[in-house]
Protein chains: 2
Amino acid sequence: MEAELTLIKQWHGLLSSYNEVASHLERELQELHGLSLSDFETLDRLRSREHDKCRMQHLASDMYLSQSALSRTVARLEKSGFVERSLCQDDRRGVYVELTDAGRERHAEASATHLAVLAEHLK
Amino acid sequence: MEAELTLIKQWHGLLSSYNEVASHLERELQELHGLSLSDFETLDRLRSREHDKCRMQHLASDMYLSQSALSRTVARLEKSGFVERSLCQDDRRGVYVELTDAGRERHAEASATHLAVLAEHLK
DNA sequence: GCCGAGGTTATATGCGTGTGCATCTAATGT
DNA sequence: ACATTAGATGCACACGCATATAACCTCGGC
């Protein structure tokens with residue numbers, strides 16, 4: 001009974017912290033850079049890869065997005081010119097996703113906002 | 001620089017904990033009880049009020065949902081027979097939301113699942 | 001004191017968009 | 001041939017933003 005109450009309290013704390021940060025992130029990234037949080041995180045994951053490039057499935061593996069949502073996110077980013085998709089020659093089902101220069105640039109700008117929001121709202 | 005790295009790490013931790021719990025909650029509440037997480041949280045908030053009843057605005061104030069999303073959530077819950085809406089006689093713009101017996105019952109069932117998921121996935 | 005115009009508040013709704021699930025297609029592997 | 005895997009896509013739905021609607025509130029002029 002005690003443990004259950006603690007659990008609930010802990011969850012409410014988590015919910016509250018998460019929503020506080022996520023809602024501000026979402027809003028400011030959209031407003032200042034035209035990126036959704038998923039867009040930003042996708043760019044961010046790519047940026048941390050060697051050569052800013054990797055396969056969809058690897059990208060998916062450490063993101064909290066369904067495979068279909070990731071597929072569409074990458075499609076959006078490609079349409080905006082921030083990433084490029086290319087076929088794997090060794091497994092022709094596969095798709096490589098790679099940051100473009102514009103993508104790196106946008107990510108750098110948005111990163112500043114991202115950090116500022118964290119600094120302000122993550123307690 | 002140090003501080004920034006810490007901030008990012010902290011945020012990733014938060015993201016990861018939140019998504020781990022929220023995705024399981026969402027799935028299991030839906031599967032076992034036909035409730036979305038927002039549905040459940042709305043019932044839960046109502047349950048913690050005197051007489052399981054309160055005005056939309058008060059309900060909104062401690063939930064992480066936009067006013068419009070809450071309005072639709074309550075509409076869904078009413079359609080399912082878990083809450084009832086009624087006009088305030090003293091402020092006729094206002095709407096009271098009140099749990100029905102079916103709502104209390106469904107909440108009680110779902111609560112068990114909720115707790116179980118927290119116990120399993122909240123570390 | 002009473003009245004009506006103009007602002008404000010509570011809730012609902014139109015709209016565009018992002019999501020997950022199920023499914024489709026095409027390439028691989030066995 | 002048959003099952004499996006990578007990624008894309010149809011679909012239904014929940015969300016937030018902007019706006020609509022209706023009730024309430026305030027205040028200056030009478």
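Any value given below was found using the heavy atoms of this structure, including those in side chains, with hydrogens, waters and symmetry copies removed. Letters go in sequence order (proteins before strands), and every chain restarts at 1.
Near DNA chain D, defined here as any heavy-atom distance below 4.0 Å, the residues from residues 45-59 of chain A are A:R55, A:M56, A:Q57, listed numerically.
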Please report the C-alpha distance between A:F82 and A:H107 in whole Å, then the side-chain angles of each, then the deciding distance to 0.1 Å, and finally whether the ring-ring contact (aromatic ring centres under 6.0 Å, His included) criterion is met.
-> CA-CA 9 Å; A:F82 299 140; A:H107 172 263; over 10 Å; no
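In this structure, the CG atom of A:L37 is 14 Å from the C1' atom of D:dC15, given to the nearest Å. For the pair A:L77 CG and D:dA8 P, the computed distance is 13 Å after rounding to whole Å. Atom CE in B:M63 sits roughly 13 Å away from atom C1' in D:dA14 (whole-Å rounding). The nearest whole Å value for the distance from the NZ atom in B:K79 to the C1' atom in D:dA14 is 14 Å. In this structure, B:L87 places its CG atom 13 Å from P of D:dA22, rounding to the nearest Å. A straight line from CD of B:E78 to C1' of C:dA12 spans 13 Å, rounded to a whole angstrom.
The existence of a salt bridge linking A:R104 and A:D101 is confirmed by a sub-4.0 Å separation between a basic side-chain nitrogen and an acidic carboxylate oxygen. Salt bridge annotation for A:D39-A:K79: absent, with no cationic side-chain nitrogen under 4.0 angstrom from a carboxylate oxygen.
At least one side-chain heavy atom of A:L25 sits under 4.5 Å from a side-chain heavy atom of B:W11. At least one side-chain heavy atom of A:R76 sits under 4.5 Å from a side-chain heavy atom of A:S36. At a threshold of 4.5 Å between non-hydrogen side-chain atoms, the residues A:L46 and A:V97 count as touching.
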With the sugar-phosphate defined as primed atoms, P, OP1 and OP2, and the base as all remaining atoms, what B/S/- string results for nucleotides 19-30 of chain C, 5' to 3', for protein heavy atoms under 4.0 Å?
-> BBB-----BS--
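At C:dA12, one or more side-chain N or O atoms of B:R85 fall inside 4.0 Å of OP1 or OP2 (strictly under the cut-off).
Between the side chains of B:R45 and B:T42, no donor-acceptor pair of N or O atoms lies under 3.5 Å.
The residue from A:H58, A:H51, A:R55 that alone fulfils the side chain to side chain contact (heavy atoms under 4.5 Å, CB included) condition with A:Y96 is A:R55.
Taking all atoms of both residues into account, the shortest heavy-atom contact from B:L7 to A:L122 is O-CD2, 3.7 Å.
Computed from C1' positions of five pairs at each end, the angle between the two local axes of the helix from C:dG1-D:dC30 to C:dT30-D:dA1 equals 10°, rounded to 10 degrees.
Atom CE in A:M56 sits 11.0 Å away from atom SG in A:C88 (nearest 0.5 Å).
The aromatic rings of A:Y18 and B:Y18 sit parallel to each other, their planes meeting at less than 30°, with 60° as the upper class boundary.
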